[in-house]
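In what follows, a structure is listed as structure tokens, so that the remarks can point back to it.
For ligands, and for the atoms within them, numbers begin at 1 and follow the listed sequence.
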Amino acid sequence: MLWGGRFSKSPDRDILEYNSAENTRLDLRLVPYDIAGSIAHVMMLEKQGILRKKESSEITRALKGLFNKWKTSGLGLDPEIEDVHTYIERAVSRKTEHGKKMHTARSRNDQVLADMRMYMRDMVLELNKKLFSLQKSFECLSKKDGPMAGYTHTRVAQPLTVSFWCDSYVQGLKRDAQRLEDCYRRINSNPLGACALAGTPWGIDRRHTARLLGFSNVQENELDAISSRGEAEAELLSALGITMARLSGLAEELIWLSQKNLLEIPEEYCTGSSIMPNKKNPDALELVRGRTSRVHSCLFHALSVKKGLIPGYHSDLQETKPAVMSGTETTLASISVMTKMVKKLKFNKKNIENELEQGFARATEIADTLAMQGMPFREAHRKAGMIVRECEEKGIVLSQHPGAKEMASPERKRLKRTVKAEKNGYLSSEEKRITEVYSKLLR
Ligand code: ARG
């Protein structure tokens, strides 16, 4: 333990297990960030004359050795060592006696904050790439343009085109990336140096650690820094909750359209039934819909941990870790699944045309045509409505009705769109910058 001094008894195993079993498992994801953060901290301590050159280079060498070990064979964290911070300090101290100095002017409270910021930062950059790939899939699908029905109240409303429909998703995905950019800017602030909650009397240079770690600024007020744990997590989860709601809507739409035989989901993305030989089920889509609940609950998890905590550190805050990790990783996986699916969808043109006819989808065009010829819109609406009623009574469709067939030519041109996937420029440039930050630090 890092804190044995004031205790005369060792901690109870069951309590340690309860405190740290899950946490040490999750902390495996933080290993590279904890090492990078420690290297930056130690380099800063040396620059400030707090550590001697020999001390800092021995610590740094041990940290880099650990990093390489992690890269080749991974590390095993035991609940008894509480967390990644303890593990790494202990491992470094085994290599060099100067390891005992690496925690000068630092607390695990600001350390875990920095680790989590770096984790979230990487996740946002990864999410941004994935959102772009999904846009690309829609771009690809839009090339197979053709008619499509648009729905309100799940009933046929007006004709659309496949490219128009694809573009609508791409526009939403671009907003999702903007939302990520927005949280990224707040995530990317340096908490290190806040220590336990009150900063430190050591003459540290927080701006220098920020530069080394690629943070764009310093979270000046130390108490604010420590108390902000969970805030960026909730913000990110809220952005992801919106993305997942979009994916869930898309999943539901694909399930529904395929159930109506308007759309074919590739066989390799479906699964069968153990009893009913006829089944071809869209499990993956159902799971995207189902896992949206998980991501939404991660947001509530993080928010409700924050509720009622006075400023400072509390172990409750450790609970924001599973929330944000599960939320981001579930979202990443869900976007990937949708990216695969969308690219390979096949629309059933004949059935779509039939659906448009049966749903009298061109009725609004007819009303508009009449109104453009001079009839007040309300009257035109009534007249078009009467035509629909007549068709229904006679069992015919609009194109067979003498008063309607001339009237409207499908508005396909207006509804054809050129779909263009677009990477978020800011996040893409950050991706390059952050890669360089780590390669310099961990080289
Ligand atoms: N494992 C802890 C967490 O994730 C690290 C901080 C521990 N700090 C403390 N004072 N117990 O929150």
For the residue pair [X] and [Y], establish whether any side-chain heavy-atom pair is separated by less than 4.5 Å.
X: Tyr313; Y: Arg108; value: no
X: Asn424; Y: Leu180; value: no
X: Cys183; Y: Met120; value: no

Counting from 1, what ligand 1 atoms have a heavy atom of [X] closer than 4.0 Å?
X: Asp83; answer: 1 (N), 5 (C)
X: Arg229; answer: 3 (C), 4 (O), 12 (O)
X: Lys321; answer: 4 (O)
X: His85; answer: 5 (C)
X: Asn23; answer: 1 (N)

Provide, to 0.1 Å, the distance between [atom] and the closest protein heavy atom, together with that atom's residue and name.
atom: atom 1 (N) of ligand 1; answer: Gln318 OE1, 2.9 Å
atom: atom 6 (C) of ligand 1; answer: Tyr313 OH, 3.5 Å
atom: atom 8 (N) of ligand 1; answer: Asn109 OD1, 2.9 Å

Report the part of [X] (side chain from C-beta onward, or backbone N, CA, C, O) that has a heavy atom under 4.0 Å from ligand 1; answer both or neither where that applies.
X: Glu82; answer: neither
X: Asp27; answer: neither
X: His314; answer: neither

For the student: nearest non-hydrogen atoms of Gly312 and Leu317, plus distance: O-CD1, 3.9 Å
Identify the heavy atoms of Thr328 and Val324 that sit nearest to each other, and give their distance. OG1-O, 2.7 Å
Taking atom types as modelled and ignoring hydrogens, do the side chains of Tyr33 and Asp122 form a donor-acceptor contact shorter than 3.5 angstrom? yes
Among side-chain atoms of Arg117 and Gln219, is any donor-acceptor pair under 3.5 angstrom? yes
What do the steps show when you test Lys280 against Glu264 for salt bridge (charged side-chain N to carboxylate O under 4.0 Å, His left out), and what is the final call? CA-CA 11 Å; Lys280 179 185 154 200; Glu264 187 74 35; 2.8 Å; yes
Side-chain donor or acceptor of Thr330 paired with backbone N/O of Val295 under 3.5 Å: no
Answer yes or no for Val112: is there a heavy-atom contact with ligand 1 below 4.0 Å? yes
Taking a cutoff of less than 4.0 Å between a non-hydrogen atom of the residue and any ligand atom, is Met116 in contact with ligand 1? no
